[in-house]
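Beneath this line is the structure, given in structure tokens, with notes to follow.
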Amino acid sequence: MKSLVVIAPVAVWPSVKAMNSALGYAAGDGVELSSDGSAPATHLGLHTWATDGFIAIATGQVTPTIEGYTAQDIANLLAAITVSVEPSVGEQILKRKAHFDHVASSLGLQTIEVAL
Amino acid sequence: MLFKLGQLMARGKGSAVAGFDPSTLFASSEDGALFDPSDLTSLYQGRTGGSNSGIGDVVGLMLDKRLMGDQTAAEFIAAQSEHISSFTQNLSGWTSLSATEITSDGSDASRATSDASVIAGDYYLLEYEVTGGVSGLCQLRLGGTFVRTEGSSDVIRSDIVKAFDTTPFSVTNSGSWIGTMTNISIKHIPGNHALAPSDAARPILRQSGNVFSIEDDNVDDALNVTLPDLGSDATEIIMTTTGVTINTAQTIGAGSRDALTDNMVGYAVIDRALTAQETSDITAYAATKRGA
């Protein structure tokens, strides 16, 4: 499995969840993000461990057949979100939180820390 | 139950280094939870069971071992008695109704209901096989939880279902289903089990030598356990590959608690203080779990 990060605008997240649900995968509510790390969130993101098959779908290499969605619907959604798979920075392959933070940072976003 | 021989062998190696059985902390019916990632039969990739987690796989469900003694989760579940002993139908259409096999001829939109109610909030292992399906659909529910829809495909299922109410397991012939469900088995899995809140939030199982750990991505991963009120003198023991943290005199009210810590090799929470001997024992146990 590979480290996969997905970040999407808040308005698009319901579509991310719905399409993932149609694929039998629960995306969850997402981690809240904004430009300065304070509420309200402008984007939501997730980190997960994904199989090559799921990565092929998430990166648009394979277009799945999903009931209720056309190929154009899927392409439109992928165009509206950011998907990243284990990027290399120098000689280091980023995974987990380092991966998530790298992608968020590249979009000018910070995690909104929730006080416990 | 689906598990691989290699996982059972790995479990054997993992348990051989641990002399103290932490489930003995709960011998006087103490409440709480106990998790041991070295028992791979207690870890499931899916949040509704299915295949056990192997090394490098995600963990969607982690079973509480405090009631299992020194058994693996697979051994404990296998030893549980069958939860149901018969089915009845509300209309006609079911031509065979035994404890382990039901057959529908599709002549009526009838529901076959088992004889035993379940405990709301508890988990059950539901296993069955669909054979001889011809046409139509049927829907399975347990404890008010929709499990899945079956059709005419021959399949073997193994799901862990969390009951939301006490409604007995039932199969509703919702579309002239013609087929047989056989080898039906429902077993209660008592305990406060931990569940990932979504598929994306599932952590991953790692192994280094005899050490089995669960890796938290520190982004969104969680394994949430729903606990009863443990009072104001609870003890929480967090075991990782780098050490053990024992938090004493904790006030832990009823609700959800994340049992996951990065590189977790074990976790326990109990509704009382530990004795000095127990603290020594669990500290030594944690050391064996991290290979020290």
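Note that this is a predicted model, so its numbers are computed, not measured. Protein chains get the first letters and strands the later ones, always in sequence-line order, with residue 1 at the start of each.
- Among residues 23-37 of chain A, the residues having any heavy atom closer than 4.5 Å to a heavy atom of chain B are, in sequence order, Gly24(A), Tyr25(A), Ala26(A), Ala27(A), Gly28(A), Val31(A).
- Put simply, of Ile204(B), Asp221(B), Val58(B), the one with the most heavy-atom pairs under 4.5 Å next to chain A is Ile204(B).
- Ranked by heavy-atom pairs under 4.5 Å with chain A, the list Ala200(B), Ser198(B), Ala196(B), Ala201(B) is led by Ala200(B).
- With a 4.5 angstrom heavy-atom cutoff, Arg202(B) touches chain A via backbone and side-chain atoms both.
- Counting only distance, with no hydrogens or angles, the side chain of Asp64(B) and the backbone of His193(B) share no donor-acceptor pair below 3.5 Å.
- Within the model, atoms CD1 of Ile57(A) and CG of Asp52(A) stand 11.5 Å from one another, a figure rounded to the nearest 0.5 Å.
- The two atoms that bring Val244(B) and Met239(B) nearest to each other are CG2-CG, 3.9 Å, heavy atoms only.
- Contact record, Val265(B) with Ser213(B): CG1-CB, 3.9 Å, taken as the closest heavy-atom pair.
- Across all non-hydrogen atoms, the minimal contact from Val118(B) to Thr167(B) is CG2-O, 3.6 Å.
- Neither side chain, Thr172(B) nor Ser174(B), offers a donor N or O lying under 3.5 Å from an acceptor on the other.
- If you check the side chains of Asp57(B) and Asn52(B), you find no donor sitting under 3.5 Å from an acceptor.
- Between Ile160(B) and Ile189(B) the shortest heavy-atom distance is CD1-CD1, 4.1 Å.
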*Residue pair Asp36(B), Lys289(B): steps toward the side chain to side chain contact (heavy atoms under 4.5 Å, CB included) verdict*: CA-CA 9 Å; Asp36(B) 176 6; Lys289(B) 286 294 167 186; 3.3 Å; yes
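- Among residues 94-107 of chain A, the residues having any heavy atom closer than 4.5 Å to a heavy atom of chain B are, in sequence order, Arg96(A), Lys97(A), Phe100(A).
- One side chain, Glu127(B) or Ser158(B), offers a donor N or O that lies under 3.5 Å from an acceptor on the other.
- Taking all atoms of both residues into account, the shortest heavy-atom contact from Thr41(B) to Ala73(B) is OG1-N, 3.2 Å.
- Interface residues of residues 58-76 of chain A toward chain B, defined by a heavy-atom distance below 4.5 Å: none.
- For the residue pair Asp217(B) / His47(A), a side-chain donor-acceptor distance below 3.5 Å is found, with atom types taken as modelled.
- Leu205(B) approaches Gly54(B) most closely through the heavy-atom pair CD2-O, 3.6 Å.
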Tell me which donor-acceptor pairs under 3.5 Å the side chains of residues 141-153 of chain B have, and how far apart each pair is, sequence neighbours excluded?
| unit_1 | atom_1 | unit_2 | atom_2 | d |
| --- | --- | --- | --- | --- |
| Arg141(B) | NH2 | Gln139(B) | OE1 | 3.4 |
| Thr145(B) | OG1 | Lys162(B) | O | 2.7 |
| Arg148(B) | NE | Asp159(B) | OD2 | 3.1 |
| Arg148(B) | NH2 | Asp159(B) | OD1 | 2.9 |
| Arg148(B) | NH2 | Asp159(B) | OD2 | 3.2 |
| Glu150(B) | OE1 | Arg157(B) | NH2 | 3.3 |
| Glu150(B) | OE2 | Tyr128(B) | OH | 2.5 |
| Glu150(B) | OE2 | Arg157(B) | NE | 2.8 |

